[in-house]
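Working notes, structure below.
In what follows, residues are counted from 1 in the order of the sequence shown. Order of appearance sets the numbers: ligands from 1, and atoms from 1 within every ligand. Hydrogens, waters and symmetry mates are skipped; everything else that's a heavy atom, side chains included, is used.
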Amino acid sequence: MRVIETERLLLRPVTVEDGDRVEELASDYDVSKTTLNIPYPYPEGGGKEFIESVIESEKNGKIAILAIVDKETQHLLGLINLNIAIPHKRGELGYFIGKPYWGMGYGTEAARAIVAYGFKDLALNKIYAAAFTTNPGSWRIMEKIGLKHEGTHKQHVSRFGEFFDLAYYGLVKEDYLKEANQD
Ligand SMILES: CC(C)(COP(=O)(O)OP(=O)(O)OC[C@H]1O[C@@H](n2cnc3c(N)ncnc32)[C@H](O)[C@@H]1OP(=O)(O)O)[C@@H](O)C(=O)NCCC(=O)NCCS
């Protein structure tokens, strides 16, 4: 997988050496609480184990996952991925940014870049994502990068003993290309 460069970031392939840093950032309760797949408490050594498992999944095309890295410092700020439903050419977008780096536009910058990568390089037909309605940081990213609200599933998931509504956002390739041509 190639490296994607944006104004302030590099999105590069993950390596096992990223494991400890991923663990450091992902083990924060505030990062985990609006996701379904980041465990809390985070198991010791879980970062490395997670990276090893996604590198395996990448080999069969089921996921494209990239480290979000500060171009200047080379520090890993978060992860971003597309989980791919191969028969449908559809990618589900997911991401997290370490809490010290929230609110600086990094999530938006990374998401915009991986959506372009998904349509152009991975030839996906649709990219979608689901966010807890209580997580405006996430659904604002989707709105800002052009994903359209497709509906909200009431009390769709349970997390730490509470039910949450999930807002679904999506974009199909033909609409993405129309929007891109207007720029
Ligand atoms: C969601 C997340 C990725 C946002 O990343 P980020 O880099 O802080 O996002 P950005 O700085 O690009 O901000 C995107 C928009 O959301 C807004 N936003 C960010 N955090 C917000 C918050 N806590 N409350 C309200 N709005 C927020 C920003 O103001 C911005 O909108 P604006 O340009 O209209 O002001 C980050 O908070 C995170 O990793 N959370 C934990 C994991 C998670 O929830 N992942 C998503 C699962 S679907």
Selection residues 35-49 - residue pairs positive for side chain to side chain donor-acceptor pair (under 3.5 Å), sequence neighbours left out: Lys48-Glu52
Connected hydrophobic set around Leu36, excluding itself, where side chains approach under 4.5 Å: Tyr128, Phe132, Val157, Phe164, Leu166, Tyr168
Shortest non-hydrogen contact from Gln155 to Asp165? N-OD1, 2.7 Å
Considering residues at least two apart in sequence or located in another chain, which fulfil the side-chain hydrogen bond (donor to acceptor under 3.5 Å, both in side chains) criterion with Ser158? none
Identify the residue among Lys71, Lys144, Arg8 that makes a salt bridge (charged side-chain N to carboxylate O under 4.0 Å, His left out) with Glu109. Arg8
First-shell residues of ligand 1 [heavy atom, distance under 4.0 Å]: Val31, Thr34, Thr35, Tyr95, Phe96, Ile97, Trp102, Gly103, Met104, Gly105, Tyr106, Gly107, Thr108, Ala130, Asn135, Pro136, Gly137, Ser138, Arg140, Ile141, Lys144
Heavy-atom closest contact (Glu24 atom, Ser27 atom, distance): O-OG, 3.2 Å
